[in-house]
Structures are given as C-alpha cells and as structure tokens.
Asker: 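Questions regarding the structure given below will be posed in turn.
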Amino acid sequence: MTYKISVIPGDGIGPEITECAVNSLKSVSERFKIDFKMIEVKAGDIALKEFGKALPDSTLNQIKSSDVCIKGPVGESAMEVIVKMRQLFDLYVNLRPAMSLPNIDSLKENIDLVIVRENTEDLYRGLEFNAGESAVALRTISKKASKRIAEYAFKMAMKRRKKVTVVHKANVLKITDGLFVESVKEISKQFKEVELSELYVDACAMNLIRNPEDFDVIVTTNMFGDILSDEAAQVAGGLGLAPSANIGENFALFEPVHGAAPDIAGNGTANPIAMILSIKLMLEWLSNNKKDEKCLNAAKAVEKAVYDSLKNNIKTKEIGGTKKTKEIGNIIASSILNYKS
Ligand code: GGG
C-alpha cells in the first residue's frame, strides 16, 4: 500500500519545520517499509502572492486525491487556508493533546490531557459582515456537530482515563452553548462508564493553570478550543511542542498548533517537534483508519525518537537548549532509522 501525502510547507518557519517532518517520514519509510508518496503543494501567504489565492485549486485538487495531508503553519491567511479546509473536507475533530514531556519545564507534572475541539462551526464559520457603523459575526452551533464531536470525545475517553469535561459559557451564551452542553449530555448517556463534568470556559482557563493534571478529555466549541489549546500547550512546556490533528470520516490533516512565527523565520531556531509529533498523530490515524499495524509501530518510533532527543537535551533555545532546527530534525530522523522495538 502506498500512502499519498500532500505536504504544505506554509509560511514563516513552516518550510524549515516541514523539511524536518518530511525527513522523519523518509526514515519511517525506510525503517518500517511503508511506502509514502509525498507531494509538495503551496498554500498560505506564499500562494496568495504567487497565484492570487491562498488555497489554489491545484492545491485543493492534489489534496483531494491524497490519503492524508501534513501542513506547516500559514501566516495571515489561516482563515482562507486551514479554517476553509476544515469545512471543505468536513474535518470536524481537532485533537490537541498537551502532555508532560521528558526534560521539559512545565507548570505542573504529569499533564496528560487532550482537547477535542469542534472544528467546523462557531464564530469560525466566517459569517462576518459590516452593519453600518458596526460589525457582526454570527456564531453557529448545531445539534449534529455538537453530538458528533461529543461522541468522538467519549470514545476517546474510553481509551484513556474515562473523564470528559465539557467546556462552555452557557450562563451567558444560553442558546448556542446551551445547545452544545445539552447535546454532549445526551451523548454521555451512551457512555455510562465515563465521568462527565462541566466547566465554564473562564474557570477552565484558570484550572488549566491550577491543576492541569486533573484533566483527561476536554470537549468544547471551536473558538474556546483554539484559545484553551494554546494555553494548555504553554502550561505543558510550550507551543513549539504541541501537535494537532484535524480529523474527518475518511481524511485527516496534521499540523502544529503554533503559527508561522515570522519573527524567527529563516534563522534556524524554530522548534520542529510540534510538527514531528504531528507526524506521529498521522501515523496513529493511518494505523486506525487503514488498519495498518506497521504505522502504529512507526508512530511509537517517532515518539521514542522525540522523547530520547529531549532526554539528551537536544532542544532549541526557547526551551533551554542550544540546537538548531536542522540538527534536531537530523538527530530525530536518524534515531527513527535506528529504532529497535
Ligand atoms: N496561536 C497559534 C496560532 O497562530 N495558530 C494558528 C492558527 O491560528 N490557526 C487557526 C486555527 O487553529 O483555528
């Protein structure tokens, strides 16, 4: 089986960290005898400049014919690229794990949580318009989308510590968040073994700092999930270490949580780990979706390579190391190649 992967390097630090992820995938391919056909496509500010469109048709067509997509961060065109792709491909789950990593300073120890962010609705539908001297954005929340994200979160909790926290602001957004919470509660009835609790988003923001180790699965709406996942990533050690997966029924896209960081682009100091751990999530998804045991073993190898590098202090400056992007990428790629199960 050959897996066709669309690769979007993106903007800013995107190309540097994507190169590291691609090198890791080449090692995976060699070590585990998994065939990848990687096709580079353009999207983001760079594509806007070159083609007049941040998400050109040629890019979209290539992605449509792929099994999966990996994507670096894009600059100012996030709405036209990633938010649009989530809707176009109905990538309704945004998985954003935050966990304690070896030799990484975090606010607390033993953090192991995952934010399950609804990925297609809310204010991110982009229904914004001017109204005279005002501007209006519409927040859409549907029962269908709320129930399917809840179902995903509960299924995930069943494989973890069996705790789901639904995060909302239904004391203020009574109708929209009211519908979201009620939908989650309805789905919870099918998962009697899972403990469901609820938190207002402001309280959740506070508790992520106070006791992040208590959280298992957080399920929430799109914008709250976006904001809380940056916070959770920082609490666990930094955005440069935070991977994510955008998942639909039969297609998925993997990207770091962080943005394009134009201030450090090109100087070789970007941390490639969030992008490489996104590759690990991709391999796990392939193993589940395509029933491919080799991909699961490869995911373990990627994780081990990253953990070993951190243990050996192979880190970028922002997390206390001295290594450059490429050096880290090369060390991790070679460690995957030499992986012993
Ligand atoms: N703060 C991290 C960042 O800039 N992430 C890129 C971004 O905003 N993506 C849009 C999204 O995830 O909804």
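Index from 1, following the sequence. Atoms within a ligand are numbered from 1 in the order they appear, just like the ligands themselves.
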Asker: Give the numbers and elements of all ligand 1 atoms closer than 4.0 Å to a heavy atom of D226.
Answerer: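 Once the distances to D226 are compared, the set is 11 (C), 12 (O), 13 (O).
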Asker: Is atom 12 (O) of ligand 1 near the protein, in the sense that some protein heavy atom lies at less than 4.0 Å from it?
Answerer: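 Yes; the ligand atom in question has protein heavy-atom contact below 4.0 Å.
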Asker: Would the Y200 and H168 ring centres measure less than 6.0 Å apart?
Answerer: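 Distance test on ring centres: under 6.0 Å, yes.
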Asker: Between R96 and ligand 1, which part of the residue brings a heavy atom under 4.0 Å of the ligand: side chain, backbone, both or neither?
Answerer: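 Just the side chain.
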Asker: Provide, to 0.1 Å, the distance between atom 1 (N) of ligand 1 and the closest protein heavy atom, together with that atom's residue and name.
Answerer: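 Scanning the protein heavy atoms, the shortest distance from atom 1 (N) of ligand 1 goes to D230 OD2, 2.7 Å.
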Asker: Any atoms of ligand 1 less than 4.0 Å from a non-hydrogen atom of R86? List them with their elements.
Answerer: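 It comes down to these atoms of ligand 1: 11 (C), 12 (O), 13 (O).
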Asker: What protein heavy atom is closest to atom 10 (C) of ligand 1, reported as residue, atom name and distance in Å?
Answerer: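 Checking every protein heavy atom, the shortest distance to atom 10 (C) of ligand 1 gives I82 CG2, 4.1 Å.
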Asker: Taking P243's backbone N and O only, do any of them form a donor-acceptor pair with S278's side chain (distance below 3.5 Å, no angle check)?
Answerer: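 No; zero donor-acceptor contacts below 3.5 Å.
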Asker: Should the pair K162-E195 be classified as a salt bridge under the 4.0 Å nitrogen-to-oxygen rule?
Answerer: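 Salt bridge flag = no for E195 with K162.
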Asker: Can we say D214 and R210 salt-bridge, meaning some charged N sits less than 4.0 Å from an Asp/Glu carboxylate O?
Answerer: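 Here D214 does not pair with R210 in a salt bridge, since their nearest N and O are not under 4.0 Å apart.
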Asker: In the complex you have, is atom 7 (C) of ligand 1 within reach of the protein, judged by whether a heavy-atom distance drops under 4.0 Å?
Answerer: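 Answer no: nothing from the protein, no heavy atom, is under 4.0 Å.
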Asker: Just let me know how R117 lines up against ligand 1, side chain, backbone, both or neither, with a heavy-atom cut-off below 4.0 Å.
Answerer: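 The side chain, only.
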Asker: Looking at I273, is its backbone amide N or carbonyl O close enough to the side chain of N271 to form a donor-acceptor pair, meaning the two atoms are under 3.5 Å apart?
Answerer: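 A pair under 3.5 Å: yes.
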Asker: Going by the angle between their ring planes, with limits at 30° and 60°, are F191 and F154 parallel, tilted or perpendicular?
Answerer: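 F191 vs F154 ring planes: parallel.
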Asker: List the closest protein heavy-atom neighbour of atom 5 (N) of ligand 1: residue, atom name, distance to the nearest 0.1 Å.
Answerer: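 Of the protein heavy atoms, V257 O, 3.0 Å lies nearest.
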Asker: Of the protein's non-hydrogen atoms, which lies at the shortest distance from atom 3 (C) of ligand 1, and what is that distance?
Answerer: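 Of every protein heavy atom, G259 N, 3.5 Å lies nearest to atom 3 (C) of ligand 1.
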Asker: Determine, for D177 against R139, whether the closest basic-nitrogen to carboxylate-oxygen distance falls under 4.0 angstrom.
Answerer: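 Looking at R139 together with D177, the answer is yes, because their closest N to O distance falls below 4.0 Å.
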